[in-house]
Amino acid sequence: MRVKLREGMKKTIKFILKAIGIIVIALVLFLAIVFIVNKICNKTEQEKIQSYGQLVPVDGKKMNVLIQGKGEETVVLLPGYGTAAPALDFKPLVEELSPFYKVVVIEPFGYGLSEDTEKARSTENIVNEIHEALRSLKIDRYILMGHSIAGIYGLDYVNKYEDEVSAFVGIDTSVPTQGGMDAEFPIKTFKLLKKSGLARLIIKLSADPYAGLPYDDETKEQIRMITLKNLYNSSTSNEMENFYTNFMATEKLTFPRNLPLIFFIQANNSGVDRWIPLHEEQVKDSAHGKVMTMEGEHYLHHTKSKEIVENLKGFMEQIK
């Protein structure tokens, strides 16, 4: 009886080991296929990405800038963190702005079609690079409009170049005193996901973030390919590492009192405590400050571009 039990246990163990071996082989094969497919797709997609805008020299590298519209006033658009192709993502807003303004979309290093950089993504460096791009284009008077983390860079920018900026417009912009910016991010894990091809697979299986929005299929496909190209590159990874430092660097800054200031803010942001009051505090000492709430997601310009432009025009006309 004991002999039969031992033989049965041996067979069970052999079966389990064999099953584990098959699972390990299947997993290795799966990862190998994902890795190879990602390599092939990276190469083929690089050839399919269409150029737009123009490249301007900045700090020895090339930064991509899109210019559209011929209005007397200029609006400079700055993207939020991780917006892979800013000029394409801002498309609904650019289309609403361009009949009235000359619109300049800046794609910082690591974004869109701009080159990547190893230089630290400090607020100081980012702001200096944006200004150098505008100087290269001989643009010296403009409304500065930014989304999300551009609220941090924009705050530093308007204090350095107050004489050039005629107004600041925030689209659900970050605030230096908002909570949660001291979190540590698994950047090495993110980079591994990209190199292994798993990040591509995750994006493939995820819902289309642009579904139901005013973007044609060709634009959405370009955004997808540029997203995969820029995902967790040196610039955006280092920018993530510098979140806390950059927020702290602007904590004591305020917007200049005489600078016209308008914020378009998400009405129901449950992710950040006191979202609306934080922005109201930013405009309380402004001679021309206003906070407007809008129903929508963080990327308000995806669905509220027309309202944003109408209210911006009215705000600027009222000041004049």
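These values consider heavy atoms only, across backbone and side chains, with no hydrogens, waters or symmetry-generated copies. Just so you know, residue 1 is the first one in the sequence shown, and it goes up from there.
- Taken together through direct or relayed side-chain contacts under 4.5 Å among Ile, Leu, Val, Met, Phe, Trp and Tyr, Ile16 and Val24 form part of one hydrophobic cluster.
- Between Lys304 and Glu295 there is no salt bridge, since none of the side-chain N atoms of the basic residue sits less than 4.0 Å from a carboxylate O of the acidic one.
- If you check the side chains of Gln50 and Glu218, you find a donor sitting under 3.5 Å from an acceptor.
- A donor-acceptor pair is defined here as one N or O able to donate and one able to accept, closer than 3.5 Å; such a pair exists between the side chain of Tyr111 and the backbone of Gly82.
- A distance-only check finds a donor-acceptor pair linking the side chain of Asn269 to the backbone of Val272 [under 3.5 Å].
- Put simply, the side chain of Ser237 gets close to the backbone of Asn233: a donor and an acceptor are under 3.5 Å apart.
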Test side chain to side chain contact (heavy atoms under 4.5 Å, CB included) applied to Asp140 and Asp163, step by step: CA-CA 9 Å; Asp140 56 14; Asp163 292 341; over 6 Å; no
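- The environment of Glu297 atom CD is sparse: at most 12 non-hydrogen atoms of other residues, nucleotides or ligands sit within 6.0 angstrom.
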message: Evaluate Met181 against Val175 for side chain to side chain contact (heavy atoms under 4.5 Å, CB included), listing each step before the verdict.
response: CA-CA 10 Å; Met181 300 319 300; Val175 181; over 6 Å; no
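- Counting heavy atoms from C-beta on, the side chains of Tyr101 and Lys313 come closer than 4.5 Å.
- The only option from Leu231, Asp89, Leu88 that meets the side chain to side chain contact (heavy atoms under 4.5 Å, CB included) definition with Ile226 turns out to be Leu88.
- Residues Leu97 and Ile308 have side chains not in contact (no heavy-atom distance under 4.5 Å, counting atoms from C-beta outward).
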- request: Verify side chain to side chain contact (heavy atoms under 4.5 Å, CB included) between Leu137 and Val65, making sure each step is shown before the conclusion.
  value: CA-CA 9 Å; Leu137 294 165; Val65 176; 3.8 Å; yes
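- Separation of atoms CD (Glu307) and NE2 (His301) is listed at 13.5 Å; rounding is to 0.5 Å.
- The shortest heavy-atom contact between Leu228 and Arg200 is CD1-NH1, 3.3 Å.
- Taking all atoms of both residues into account, the shortest heavy-atom contact from Phe30 to Leu201 is CZ-CD2, 3.7 Å.
- Remark: the backbone N or O of Ala84 is paired with a side-chain donor or acceptor of Asn230 at under 3.5 angstrom.
- Remark: aromatic rings of Phe243 and Tyr81 are close, center separation under 6.0 Å.
- By the 30° and 60° cut-offs, the orientation of the rings of Tyr299 relative to His302 is parallel.
- Here the CG-OG1 distance, from Leu155 to Thr173, works out to 9.5 Å after rounding to the nearest 0.5 Å.
- Counting only heavy atoms from C-beta outward, the side chains of Glu164 and Val76 never approach each other to under 4.5 Å.
- At distances below 3.5 Å, at least one donor-acceptor pair connects side-chain atoms of Lys194 with backbone N or O atoms of Lys229.
- For the pair Thr250 (side chain) and Pro176 (backbone), a donor-acceptor distance under 3.5 Å is absent.
- Between the CD1 atom in Ile171 and the CZ atom in Phe264 there is a gap of 8.0 Å [rounded to 0.5 Å].
- Taking the ring centre of Phe263 as origin, the terminal cationic atom of Lys290 falls outside the region bounded by 6.0 Å and 45° from the ring axis.
- Residues Ser235 and Asp116 have side chains that bring a donor and an acceptor to within less than 3.5 angstrom of each other.
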- request: Apply salt bridge (Lys or Arg N to Asp or Glu O under 4.0 Å) to the pair Asp216 and Lys91, showing each step before the final yes or no.
  value: CA-CA 11 Å; Asp216 57 61; Lys91 190 174 180 181; 3.2 Å; yes
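- Distance OG1/Thr227 to CD/Glu45: 10.0 Å, rounded to 0.5 Å.
- No more than 12 heavy atoms of other residues, nucleotides or ligands lie within 6.0 Å of CZ in Phe35, so this atom counts as exposed by the packing criterion.
- Side-chain atoms of Val37 and Val34, non-hydrogen and from C-beta on, never get closer than 4.5 Å to each other.
- Among all heavy-atom pairs drawn from Ser305 and Pro92, the shortest one is OG-C, 3.5 Å.
- Asp172 and Trp275 share a side-chain donor-acceptor pair at under 3.5 Å.
- Cluster membership check: Leu78 does not share its hydrophobic cluster with Val169, using side-chain heavy-atom separations under 4.5 Å among Ile, Leu, Val, Met, Phe, Trp and Tyr.
- A donor-acceptor pair is defined here as one N or O able to donate and one able to accept, closer than 3.5 Å; no such pair exists between the side chain of Arg257 and the backbone of His288.
- Aromatic ring pairs are classed by plane angle as parallel below 30°, tilted from 30° to 60° and perpendicular above 60°; the pair His147 and His298 is tilted.
- Taking CZ of Phe109 as the start and CG of Asn64 as the end, the distance is 11.0 Å to the nearest 0.5 Å.
- Although no hydrogens or angles enter the test, the distance criterion places a donor-acceptor pair under 3.5 Å between the side chain of Ser166 and the main chain of Tyr142.
- Between the side chain of Asn246 and the backbone N or O of Ser122, no donor-acceptor pair lies under 3.5 Å.
- Of the possible donor and acceptor atoms, none in the side chain of Thr83 sits under 3.5 Å from a partner among the backbone N and O of Pro79.
- The same ILVMFWY cluster, assembled from side-chain heavy atoms under 4.5 Å apart, contains both Val158 and Leu134.
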- request: Evaluate the criterion ring pair (Phe, Tyr, Trp, His ring centres under 6.0 Å) for residue pair Phe190 and Phe185; output intermediate values, then yes/no.
  value: CA-CA 9 Å; Phe190 292 155; Phe185 299 92; 7.5 Å; no
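- In summary, Asp156 and Lys160 engage in a salt bridge, as defined by a charged side-chain N under 4.0 Å from a carboxylate O.
- Salt bridge present: Arg121 and Glu129 bring a charged side-chain N and a carboxylate O closer than 4.0 Å.
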message: Lys61 vs Thr117, test: side chain to side chain donor-acceptor pair (under 3.5 Å). Steps then yes/no.
response: CA-CA 8 Å; Lys61 289 184 171 291; Thr117 182; 5.1 Å; no
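- Taking the side chain as every heavy atom from C-beta outward, Asp208 and Lys220 approach each other to under 4.5 Å.
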task: Let me see the working for Met63 and Leu55 under side chain to side chain contact (heavy atoms under 4.5 Å, CB included), right down to the final yes or no.
output: CA-CA 5 Å; Met63 184 174 287; Leu55 296 171; over 6 Å; no
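- Nearest heavy-atom pair across Pro57 and Glu132 is O-OE2, 4.1 Å.
- A parallel orientation is assigned to the rings of His131 and Tyr161, their planes being inclined by less than 30° (bins at 30° and 60°).
- Between Met240 and Ile187, the shortest heavy-atom contact is SD-CG1, 3.8 Å.
- Salt-bridge formation is not detected for the pair Lys284/Glu281: no Lys NZ or Arg NE/NH1/NH2 atom is positioned less than 4.0 Å from an Asp or Glu carboxylate oxygen.
- Cluster membership check: Leu29 does not share its hydrophobic cluster with Leu198, using side-chain heavy-atom separations under 4.5 Å among Ile, Leu, Val, Met, Phe, Trp and Tyr.
- The line from CG of Asp182 to OH of Tyr244 is 6.0 Å long, rounded to the nearest 0.5 Å.
- Cluster membership for Val105 and Leu213, using ILVMFWY side-chain heavy atoms within less than 4.5 angstrom, is not shared.
- Counting heavy atoms from C-beta outward, Lys306 and Glu310 have side chains that approach closer than 4.5 Å.
- If you check the side chains of Ser114 and Glu107, you find no donor sitting under 3.5 Å from an acceptor.
- Contact record, Gly110 with Thr236: O-CG2, 4.1 Å, taken as the closest heavy-atom pair.
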